[in-house]
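All values derive from a computational prediction rather than experimental measurement.
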Amino acid sequence: MVEVASYSDKGGRDYNEDSVAVFEGEDRVCVIVADGLGGHGGGKTASETASGLMARAFANSPDPVDEQWLNEIFDSANQAVLYHQTARCRMKTTCVALFIRDGGAWWAHAGDSRLYHFVEGALEFCTMDHSVSQMAVLSGEITRAQIRFHEDRNKVLRALGADEDIKADIDYAPVFDGRFHAFLLCSDGFWEYVLEGEMEIDLSKAQTPGEWIGYMTERLEKKVSGKNDNYTAAAVFVIPDEIDDGR
């Protein structure tokens, strides 16, 4: 059984340039979170273009998800964002996408929107940002925890619409293995205020993906100053049959 919930808010900005797209079919689910860059509405166009294209492609594709398919769909989304660019607005968007089908979960991302994967309530994996501050972590200048609010944190090194070619980082995990899997996809405006330990605590209390997002959003809203960025989160629960039967 797969359950999905999502939430997006403009935060302290005048408008929301984040987008989230969800497709739930009988035998497959996908979730895409995109954080638009460009201002003046261009970022919203970019994020909606990318997330909407990926969700439609997944919904209509008879092909299994694999690395080649993911590279092709990210390339198509990149070309679509480039098509919408103008001399006045060189819109771009980060993107993180999760596709569950045929017993497994594939995910891919470009930029600093993240995917967190929890197994039996414990954090097992987190994507690596494509950002200047992440490079500072790799070079030993700062710790990963110091990415949050680092002076160069908003300098993204990879995004849809930034170049003719796009390279997404891709990964896979089996998820129908009798264990409880939870995924959190979120823009930087969300994860910069919600720590990984807090994500685990709130997951332990939640009965549904919506409750999990709700607990984390409460934390975020207590921390922000009113000038915070847009924030978006999507949560996915993959629930084993024996747990589902006991609900």
Taking only distance into account, with no hydrogens and no angle test, what donor-acceptor pairs under 3.5 Å do side-chain atoms of residues 196-204 form with protein atoms, sequence neighbours excluded?
from, atom 1, to, atom 2, distance (Å)
Glu196, OE1, Arg148, NH1, 3.3
Glu196, OE1, Arg148, NH2, 3.3
Glu196, OE2, Tyr116, OH, 3.0
Glu196, OE2, Arg148, NH2, 3.2
Glu198, OE1, Leu195, N, 2.9
Glu198, OE1, Lys223, NZ, 2.9
Glu198, OE2, Lys223, NZ, 3.1
Glu200, OE2, Leu123, N, 2.6
Asp202, OD1, Lys205, NZ, 3.4
Asp202, OD1, Arg219, NE, 3.3
Asp202, OD1, Arg219, NH2, 3.1
Asp202, OD2, Arg219, NE, 2.7
Ser204, OG, Ile201, O, 2.5

Any side-chain heavy-atom pair from [X] and [Y] closer than 4.5 angstrom?
| X | Y | answer |
| --- | --- | --- |
| Leu185 | Arg114 | no |
| Glu164 | Leu82 | yes |
| His109 | Cys95 | no |
| Ile73 | Leu53 | yes |
| Leu98 | Ile100 | yes |
| Tyr83 | Val81 | no |
| Val20 | Ile32 | no |

State whether the side chain of [X] and the backbone N or O of [Y] hold a donor-acceptor pair below 3.5 Å, judged by distance alone.
| X | Y | value |
| --- | --- | --- |
| Lys92 | Arg90 | yes |
| Ser113 | Ala34 | no |
| His181 | Pro240 | no |
| Asn60 | Arg56 | yes |
| Glu3 | Ile239 | no |
| Glu17 | Gly43 | yes |

Set of residues satisfying side-chain hydrogen bond (donor to acceptor under 3.5 Å, both in side chains) with respect to Asp18, sequence neighbours excluded: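 Here the qualifying residues are Ser187, Thr232.
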Which residues satisfy the side-chain hydrogen bond (donor to acceptor under 3.5 Å, both in side chains) test with Glu218, sequence neighbours excluded?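 Result, side-chain hydrogen bond (donor to acceptor under 3.5 Å, both in side chains) vs Glu218: none returned.
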Is there a side-chain contact (heavy atoms from CB on, under 4.5 Å) between Val65 and Asp102? Walk through the geometry before answering. CA-CA 9 Å; Val65 176; Asp102 301 324; over 6 Å; no
Between [X] and [Y], is there shared hydrophobic-cluster membership here, with clusters defined by ILVMFWY side-chain heavy atoms closer than 4.5 Å?
| X | Y | answer |
| --- | --- | --- |
| Val2 | Trp212 | no |
| Leu115 | Val31 | yes |
| Val96 | Val22 | yes |
| Val175 | Val236 | yes |
| Val4 | Ile213 | no |

Decide yes or no on side-chain contact (heavy atoms from CB on, under 4.5 Å) for Thr93 and Leu37, but give the supporting numbers first. CA-CA 5 Å; Thr93 186; Leu37 314 170; 5.8 Å; no
Residues His130 and Asp169: side-chain donor-acceptor under 3.5 angstrom: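 Their side chains do contain a donor-acceptor pair, which is all the 3.5 Å distance test asks for.
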Whether the Asp229 and Tyr231 side chains hold a donor-acceptor pair (N or O, under 3.5 Å, no angle test) is what I'd like checked.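 No, no side-chain donor-acceptor contact under 3.5 Å.
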Could you work out, with side chain to side chain contact (heavy atoms under 4.5 Å, CB included) as the rule, every residue matching Asn71, not counting sequence neighbours?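 Side chain to side chain contact (heavy atoms under 4.5 Å, CB included) check on Asn71 returns Glu67, Ile170.
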Listing request: all salt bridge (Lys or Arg N to Asp or Glu O under 4.0 Å) pairs with a residue in residues 180-189, at least two apart in sequence or in separate chains.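 Every pair satisfying salt bridge (Lys or Arg N to Asp or Glu O under 4.0 Å) with a residue in residues 180-189: Arg153-Asp188.
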Could you note down all residue pairs passing salt bridge (Lys or Arg N to Asp or Glu O under 4.0 Å) where residues 25-34 supplies at least one of them, sequence neighbours left out?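 Passing the test, one end in residues 25-34: no pairs.
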Locate the shortest heavy-atom distance separating [X] from [Y]; write the atom from each residue and the value.
| X | Y | result |
| --- | --- | --- |
| Val33 | Ala234 | CG2-CB, 4.0 Å |
| Gly121 | Phe180 | N-CD2, 4.4 Å |
| Phe176 | Gly103 | CD1-CA, 3.3 Å |
| Ala21 | Gly52 | CB-N, 4.4 Å |
| Met216 | Val194 | O-CG2, 3.8 Å |
| Ser19 | Glu48 | OG-CG, 3.1 Å |

Measure the [atom1]-[atom2] distance between [X] and [Y] for me, rounded to the nearest 0.5 Å.
| X | Y | atom1 | atom2 | result |
| --- | --- | --- | --- | --- |
| Asp35 | Thr94 | CG | OG1 | 4.0 Å |
| Asp66 | Glu72 | CG | CD | 8.0 Å |
| His84 | Thr45 | NE2 | OG1 | 7.0 Å |
| Asp163 | Asn78 | CG | CG | 7.5 Å |
| Cys186 | Leu220 | SG | CG | 10.0 Å |
| Asp75 | Asp165 | CG | CG | 7.5 Å |

Between Phe58 and Phe23, how do the two ring planes meet: parallel, tilted or perpendicular, split at 30° and 60°?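 Phe58 and Phe23: perpendicular rings.
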Asn230 and Ser8: side-chain hydrogen bond (donor to acceptor under 3.5 Å, both in side chains), yes or no, with the steps? CA-CA 8 Å; Asn230 312 148; Ser8 188; over 6 Å; no
Please report the C-alpha distance between Leu184 and Phe190 in whole Å, then the side-chain angles of each, then the deciding distance to 0.1 Å, and finally whether the side-chain contact (heavy atoms from CB on, under 4.5 Å) criterion is met. CA-CA 11 Å; Leu184 174 66; Phe190 189 90; 4.2 Å; yes
Go through the steps to decide whether Arg101 and Cys30 satisfy the test side-chain contact (heavy atoms from CB on, under 4.5 Å), and finish with yes or no. CA-CA 9 Å; Arg101 183 176 179 181; Cys30 79; over 6 Å; no
Pick from Phe99, Tyr172, Trp106, Phe74: which one makes a ring-ring contact (aromatic ring centres under 6.0 Å, His included) with Trp69?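 In the set Phe99, Tyr172, Trp106, Phe74, the residue that makes a ring-ring contact (aromatic ring centres under 6.0 Å, His included) with Trp69 is Phe99.
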For Phe183, which of Trp107, Phe125, Phe118 qualifies under ring-ring contact (aromatic ring centres under 6.0 Å, His included)?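 With Phe183 as partner, Trp107, Phe125, Phe118 yield a single ring-ring contact (aromatic ring centres under 6.0 Å, His included), made by Trp107.
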